[in-house]
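One structure is given here, and the rest of the page talks about it.
Just so it is clear: chains get the letters A, B, ... in the order the sequence lines come, proteins before strands, and each one is counted from 1.
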Amino acid sequence: MPDTSRDGDSDTIFDEEPVDTDGQNALFDGLPGDEEASRGLFDDLLNSEPIFENKEVLRPSYTPRRLPHREEQINNMATILVTALRGDTPSNILIYGKTGTGKTASAKFVSEELESTSEKYEVPCEVQYINCEVTDTQYRVLAQLANTFIDQNEQYIDQQLSELNDLKARANESVSVLSETEFDSITAIDDRIETLTDDREQFESVPMTGWPTDRVYSTFFEAVEYAERVVVIMLDEIDKLVEKSGDDTLYNLSRMNSELENSRVSIIGISNDLKFTDFLDPRVKSSLGEEEIVFPPYDATQLKDILQHRSEVAFKSGALSDDVIPLCAAFAAQEHGDARRALDLLRTAGELAERDRTDFIEEEHVRQAQEKIELDRVVEVVRTLPTQSKLVLYAIILLERHGVRNINTGEVFNIYKQLCTEIGVDVLTQRRVTDLISELDMLGIVNAVVVSKGRYGRTKEMSLSVPLEDTETILLSDSRLADVEEAQPFVQARFDE
DNA sequence: ACTCCACCGGAAGAAGGGGTCT
DNA sequence: AGACCCCTTCTTCCGGTGGAGT
């Protein structure tokens, strides 16, 4: 049943593609005489000698087979996790390190090795990866875990059932087949089939929302307990989870072992934040932090090394000028040694060069790439902001544009109120607006600092940290903010006071 | 040493929208 | 249908505070 549904899924994906391109063709057909031109457009791009040999290896999603300068950390993890292959519970691990220091890549690498080795020695052991930035509440973490294990159990049962049915068919022909098995009669097989079918029906997958959390927990618990195995749960960006919904999840997971009989659970937490354990319950803290592994930032030389390795696969030979890799490394080293950033830079620089129709990446492309990445990020973030945040941001832009330095919350709130009334949007409280400002600060769109001005109170002082004109254009492209331009004279009047 | 500004930011909980269960 | 549950957004309330001015 799950198999057929999965097949169905992939079928629809493939079914849709032709429909899509049909739609495009229809579009081109609609332009008379343009068929030639449209073909030429892509022909040119296809035939122009591409710079890339294999662009995939520069993408963040790619897990490399070799992680230079991380041998020590990888060995540490392996030493701890090898316990799982002996059927015991490995210590919980906490991994620290800034973004792009290879935490996730290393952890994934180790877990793949672990799983493949466990297959080889037929020790049931598996790793579940959860990104807590996406799955950021206790309910969702438990639900996701429960569902994957239910899925697995069902697959396992299905496999058993088909084997049993096979056996039964053969036994029907000659009963002697049974002598080599644990069953002494066909009815015994039937019994087994029946219990398995019952088991299978008991598994009920957890809905997106609606259940009480403890029910989700017990569903998960039973699903894990169903078969004997060691389960390693990898919680990426675990600090996000703790920040948002406290340490209940971790507490529940870490005490599971004392109640489980068949299986064992071990946790690998991956965190950007070195101090996040401060917020944890001491019991959770000690159980989670049994082993700690730190990933220090890469320095420029190490980054150069990494880029060198990847570029050999990624680019055609001779596509890079000598100073490209050192420059990418230098830029990324400034950004706390972020290898992901370095690879992004290299890839974008390549794309820019391709667009220039040259087959050679130069220093200038890297500089352009640096700007492009930053701008793309800002555009994306600003565009997807909720309306209220956009209004707050626009208020800050207006103040900045009128040459106000050291903008404070009170001023922003006043302009914001004006904007809201002009375009007929609900006015939020100042309390809420300070939260929105803090969010903009965290997104790196504004820079806000709490300062005390003595007699004149205490406030957040902020300034825009993105290009003013570009940001304003993005904001005004939102239809809900379009009217705001007409409202500007009213706001102007405030400044004249 | 004390005051007092103009906010900050935590806590609690209302409102509303997602959903399930019986 | 009505009772629950979860999650997010927002409000209300309020104690807290760094340092210029006195």
Side-chain angles (χ1 to χ4, degrees), chain A residues 130-147 150 201-223 237 239-253 273 275-276 278-281 381 384-393 395-396 399 404-421 423-443 446-463 478 480 494 497:
Chain A
I130 289 187
N131 186 337
C132 301
E133 197 171 15
V134 188
T135 316
D136 61 354
T137 64
Q138 166 160 229
Y139 186 96
R140 292 213 266 258
V141 169
L142 292 176
Q144 189 178 327
L145 286 171
N147 284 335
I150 287 171
E201 270 163 22
Q202 272 180 17
F203 291 122
E204 187 188 354
S205 60
V206 181
M208 293 279 292
T209 165
W211 283 12
T213 309
D214 47 345
R215 181 170 170 196
V216 183
Y217 175 77
S218 51
T219 308
F220 164 57
F221 186 92
E222 279 158 27
E237 320 244 353
D239 42 336
K240 296 271 159 48
L241 177 67
V242 174
E243 189 183 300
K244 282 208 62 186
S245 47
D247 52 8
D248 291 358
T249 323
L250 301 178
Y251 179 71
N252 284 333
L253 289 178
D273 184 358
K275 290 185 300 180
F276 98 101
D278 294 356
F279 309 113
L280 295 177
D281 185 296
V381 169
T384 53
L385 242 32
T387 313
Q388 291 289 356
S389 299
K390 282 183 177 165
L391 284 168
V392 173
L393 178 57
I396 297 171
L399 284 159
V404 181
R405 303 268 294 139
N406 303 334
I407 306 163
N408 63 40
T409 312
E411 290 166 323
V412 173
F413 186 61
N414 282 332
I415 303 296
Y416 158 82
K417 264 193 297 192
Q418 290 273 315
L419 292 174
C420 284
T421 43
I423 66 168
V425 173
D426 288 349
V427 182
L428 300 179
T429 53
Q430 181 156 345
R431 177 71 188 82
R432 181 65 187 142
V433 170
T434 56
D435 276 350
L436 294 181
I437 292 172
S438 301
E439 279 167 28
L440 291 176
D441 182 26
M442 288 215 301
L443 291 168
V446 300
N447 197 333
V449 191
V450 184
V451 289
S452 176
K453 298 201 208 165
R455 176 101 280 203
Y456 307 104
R458 212 160 172 258
T459 183
K460 266 204 178 84
E461 262 184 13
M462 69 206 83
S463 58
D478 183 330
R480 285 161 300 184
R494 273 200 78 84
E497 279 170 16

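- Residue Val427(A) is in sugar-phosphate contact alone, with no base atom involved, counting any heavy-atom pair closer than 4.0 Å across all strands shown.
- In this model, the phosphate group of dA6(B) is not approached by any side-chain N or O of Thr409(A) to a distance below 4.0 Å at OP1 or OP2.
- Considering only side-chain N and O atoms, Lys460(A) lies under 4.0 angstrom from the phosphate OP1 or OP2 of dG9(B).
- In this model, the phosphate group of dG9(B) is not approached by any side-chain N or O of Thr434(A) to a distance below 4.0 Å at OP1 or OP2.
- Atom CZ of Arg455(A) and atom P of dC5(B) are 7 Å apart (whole Å).
- Sequence order on DNA chain B of the closest nucleotides to Glu204(A) and Gly457(A) puts Gly457(A) first from the 5' end.
- For the pair Thr209(A) and dG18(B), the criterion of a side-chain N or O lying under 4.0 Å from OP1 or OP2 is not met.
- Side-chain N/O atoms of Thr387(A) and Arg480(A) include a donor and acceptor closer than 3.5 Å.
- Residue Leu428(A) contributes atom CG, which lies 12 Å from atom P of dT9(C) at whole-angstrom precision.
- Look at CZ on Arg458(A): it is 17 Å from P on dG15(C), rounded to the nearest Å.
- Across Arg140(A), Glu237(A), Lys240(A), Gln144(A), a single residue satisfies side-chain hydrogen bond (donor to acceptor under 3.5 Å, both in side chains) together with Thr135(A), and that is Gln144(A).
- The CG-C1' distance, from Asn414(A) to dA6(B), rounds to 12 Å in whole Å.
- As rounded to whole Å, 21 Å separates atom P of dT17(C) from atom NZ of Lys453(A).
- Checking Asn252(A) against Gln138(A) by side-chain atom types alone, a donor-acceptor pair falls below 3.5 Å.
- Between dC6(C) and Trp211(A), no contact under 4.0 Å exists linking OP1 or OP2 to a side-chain N or O.
- OP1 or OP2 of dC21(B) lies within a sub-4.0 Å distance of a side-chain N or O belonging to Arg215(A).
- Nearest nucleotide to the Gln388(A) side chain, out of dC10(C), dC7(B), dC7(C): dC10(C).
- For Arg432(A) and dC10(C), the shortest distance from a side-chain N or O to OP1 or OP2 is below 4.0 Å.
- Donor-acceptor pairing under 3.5 Å, judged by distance alone, is present between the side chain of Arg431(A) and the base of dG9(B).
- Rounded to an integer number of Å, the gap from CD of Gln430(A) to P of dG9(B) is 12 Å.
- For the pairing with Ser389(A), the side chain to side chain contact (heavy atoms under 4.5 Å, CB included) check across Leu443(A), Leu436(A), Thr384(A) returns one residue only, Leu436(A).
- Here the P atom of nucleotide dC4(B) and the OH atom of Tyr456(A) are 15 Å apart, to the nearest Å.
- A sub-4.0 Å separation between OP1 or OP2 of dC6(C) and a side-chain N or O of Thr213(A) is present.
- The backbone N or O of Leu241(A) sits nowhere less than 3.5 Å from a side-chain atom of Asp136(A) that would complete a donor-acceptor pair.
- When rounded to the nearest whole Å, the span between CG of Asp435(A) and C1' of dT9(C) equals 10 Å.
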